[in-house]
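Keep in mind that the numbers below use all heavy atoms, side chains included, and drop hydrogens, waters and symmetry copies.
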Amino acid sequence: MSRLPFYFIVGILLVAGIAMSVQRHLQFEIPWLPGKQQEVWEVEAMINFSAQDAPVEVNFALPSHQEGFRILTENTASSGYGLAYQSNERGRRAQWSIRHASGSQQLYYSAQILVSPEARAPEQRPPDLPSVTAWERPYDTAAREVIERAWTRSANNASFTRALIRDVNGEQQGENARLLLTQFEPGELIVRLLGQADVKARSISGLLLEDGRRRQTLTQWIQVYSENDKQWWLFDPETGEQGKPDNLLLWETGGQAVLEVLGGTNSRVTFSMLTHSQPASAAVRNHLSDDTLLNFSIHSLPLEEQALFQTILLIPIGALVVVFLRVLVGIKTSGTFMPVLIALAFIQTTLLTGLIGFLLIVAVGLVIRNYLSYLNLLLVARVSAVIITVIAIISIFSVVAYRMGLNAGLTITFFPMIILAWTIERMSILWEEEGPKQVLIQGGGSLITAVLAFLAMNNPVVRHITFNFLGIQLILMALILLLGNYTGYRLLELRRFKPITDDEPS
């Protein structure tokens with residue numbers, strides 16, 4: 001049979017993949033390598049609430065230009081809702097409204113934010129001192145003593161704030177602070193105590209930027225105004241550390257509520273975020289907003305799905321590694337693509353933690369599976385029992401790791417439990433039929449393949465290319481088809497010919 005159609009299909013895939021990648025690089029100025037480019041964060045806020053079959057008004061705080069960050073573009077998705085932007089000295093807000101709504105509702109706000117060391121926040125006037133609210137007894141005495149204790153151990157407003165935070169949240173927490181915390185949250189209490197001490201302060205909300213994170217929430221921070229320096233100081237209300245972390249995006253800085261919903265219940269807002277690099281000339285314009293066929297890409301999806309696809313698009317890289325090692329090298333694995341799934345788990349757990357966790361789970365699982373073999377259970381019941389066992393093992397290891405202070409051990413929950421159960425089942429059957437040697441060969445081959453797949457998939461250049469150039473998927477398909485057409489000897493099979501070379505006369 002002619003192989004011409006096969007090579008024609010492979011050629012079409014290669015040409016199409018290369019053409020798509022080059023077109024995206026030239027037209028949209030997406031770099032081939034994740035080098036020193038302008039860093040841009042894509043942040044998406046998803047607002048969920050239940051409408052009460054009545055008019056609805058949603059008021060949501062928006063970020064502004066600030067130290068280290070500049071807002072490039074903003075977009076919203078709110079089917080049927082009217083939208084208005086409001087801006088005043090206390091910040092920016094978006095207001096959605098609709099005459100009638102019922103049931104579960106979702107609103108989206110997304111922004112492209114440029115990391116810019118030159119960016120500065122707009123001028124904000126210092127807040128007025130809040131009116132002093134009378135404390136009920138015995139809280140008035142407790143508040144006064146907490147303030148006096150921190151005041152005596154400080155020299156200015158900054159050191160006073162740090163001392164107050166340590167007294168409320170730190171190891172120096174006394175009986176008075178514990179009493180006040182029964183009535184107020186720590187951040188609210190600290191701001192109220194600062195106001196009582198004639199220190200201008202307010203509670204604000206910020207988002208800690210971490211690449212690929214989904215369903216994140218805002219964290220609380222405290223701003224204190226310095227009358228001497230005429231500037232704001234930022235404090236972590238839990239540790240008392242002063243200063244703004246580089247990855248902190250201040251979201252609401254007016255001391256107001258982040259989200260207010262009239263006509264709805266159970267409102268909440270979660271955030272998804274991604275970061276990517278692009279040339280400086282492209283960072284100031286939304287070069288991925290042109291919804292044409294040539295610009296078809298996953299960038300048009302919500303950020304939560306983009307973060308998911310950032311991992312999914314790495315799977316073909318792992319598949320290529322598996323095909324290469326099995327077809328050309330001849331490494332035996334337990335299951336065809338089990339190493340790829342284990343490599344995905346290694347990306348979440350880190351390599352060393354993943355290897356230790358995998359070996360522990362499989363070893364304990366084999367012992368328990370060996371006992372189950374004496375019960376003569378049917379296959380479905382036996383595998384189900386192994387799945388429950390794997391879940392129990394992972395739960396126990398996670399609790400033990402947490403009790404020992406090994407937070408890295410908690411990440412073993414990312415292992416695919418069904419795949420681990422089938423791996424244990426296959427290895428156990430292999431042990432019974434062919435002995436422990438084959439178990440070690442296939443288990444070791446699976447681990448070697450998983451590690452090599454992890455190293456390929458976790459490479460920053462590979463992650464950048466697979467996420468930004470979908471044409472790479474066509475190129476990978478072509479390479480896998482070419483490898484699948486190979487029918488020659490594998491490298492590990494060549495050792496069979498070693499006796500022939502040894503017998504040849506020198």
Kindly check if the number of other-residue, nucleotide or ligand heavy atoms within 6.0 Å of CG (Asn88) is above 12?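 Yes.
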
Around atom CD of Glu188, are there more than 12 heavy atoms from other residues, nucleotides or ligands closer than 6.0 Å?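 For Glu188, atom CD is crowded (more than 12 foreign heavy atoms under 6.0 Å).
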
Walk me through it: do Thr449 and Met338 pass the test side chain to side chain contact (heavy atoms under 4.5 Å, CB included)? CA-CA 10 Å; Thr449 304; Met338 182 272 287; over 6 Å; no

Please identify each residue that fulfils ring pair (Phe, Tyr, Trp, His ring centres under 6.0 Å) with Tyr108, with sequence neighbours left out.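 Tyr108 satisfies ring pair (Phe, Tyr, Trp, His ring centres under 6.0 Å) with no residue once adjacent residues are dropped.
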
[X] to [Y] - nearest heavy-atom pair and separation:
{"X": "Gly264", "Y": "Gln52", "result": "N-OE1, 3.8 Å"}
{"X": "Ala453", "Y": "Gly318", "result": "CB-CA, 4.2 Å"}
{"X": "Leu179", "Y": "Pro138", "result": "CD2-CG, 4.0 Å"}
{"X": "Pro63", "Y": "Tyr109", "result": "CD-OH, 3.9 Å"}
{"X": "Ala343", "Y": "Ala450", "result": "CB-O, 3.5 Å"}
{"X": "Arg214", "Y": "Gln216", "result": "O-NE2, 2.8 Å"}

Inter-residue atom distance [X].[atom1] - [Y].[atom2], 0.5 Å rounding:
{"X": "Ile165", "Y": "Glu238", "atom1": "CD1", "atom2": "CD", "value": "10.0 Å"}
{"X": "Ile113", "Y": "Leu72", "atom1": "CD1", "atom2": "CG", "value": "8.5 Å"}
{"X": "Met273", "Y": "Asn247", "atom1": "CE", "atom2": "CG", "value": "9.5 Å"}
{"X": "Arg92", "Y": "Ser64", "atom1": "CZ", "atom2": "OG", "value": "5.0 Å"}
{"X": "Thr275", "Y": "Glu210", "atom1": "OG1", "atom2": "CD", "value": "12.0 Å"}
{"X": "Thr161", "Y": "Leu194", "atom1": "OG1", "atom2": "CG", "value": "4.5 Å"}

For [Y], is there any backbone N or O sitting under 3.5 Å from a side-chain donor or acceptor partner on [X]?
{"X": "Asn169", "Y": "Pro237", "answer": "yes"}
{"X": "Glu252", "Y": "Gly254", "answer": "yes"}
{"X": "Asn458", "Y": "Phe454", "answer": "no"}
{"X": "Gln310", "Y": "Gly212", "answer": "no"}

Taking the ring centre of each residue, are Phe271 and Trp251 less than 6.0 Å apart?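 Yes.
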
[Y] and [X], any side-chain heavy atoms less than 4.5 Å apart:
{"X": "His276", "Y": "Val40", "answer": "yes"}
{"X": "Leu180", "Y": "Arg192", "answer": "no"}
{"X": "Val199", "Y": "Leu193", "answer": "no"}
{"X": "Asn157", "Y": "Tyr225", "answer": "no"}
{"X": "Ile347", "Y": "Leu314", "answer": "yes"}
{"X": "Thr219", "Y": "Asp236", "answer": "no"}
{"X": "Leu209", "Y": "Phe69", "answer": "yes"}
{"X": "Met427", "Y": "Arg369", "answer": "no"}

Give every donor-acceptor pair under 3.5 Å between a side-chain atom in residues 53-60 and any protein atom, sequence neighbours left out.
unit_1, atom_1, unit_2, atom_2, d
Asp53, OD1, His100, NE2, 2.3
Glu57, OE2, Gln95, NE2, 3.3
Asn59, OD1, Arg93, NE, 2.3
Asn59, OD1, Arg93, NH2, 3.3

Step-by-step side chain to side chain contact (heavy atoms under 4.5 Å, CB included) determination, Glu145 to Arg149: CA-CA 6 Å; Glu145 291 182 359; Arg149 184 169 183 266; over 6 Å; no

Assess the residue pair Leu234 and Leu250 against the criterion (side chain to side chain contact (heavy atoms under 4.5 Å, CB included)); give the C-alpha distance rounded to whole Å, side-chain angles, the decisive distance to 0.1 Å, and a yes or no. CA-CA 10 Å; Leu234 188 68; Leu250 299 181; 4.3 Å; yes

Is the positively charged end of Arg202 above the ring of Trp232, judged by distance under 6.0 angstrom from the centroid and angle within 45° of the axis?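 So Arg202 does make the cation-pi contact.
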
Given side chain to side chain contact (heavy atoms under 4.5 Å, CB included), test Thr76 with Trp96 step by step and report yes or no. CA-CA 10 Å; Thr76 61; Trp96 288 274; 3.9 Å; yes

We want to know whether Tyr81 and Gln105 form a side-chain donor-acceptor pair, criterion being a heavy-atom distance below 3.5 angstrom.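 Result is yes, a qualifying pair exists.
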
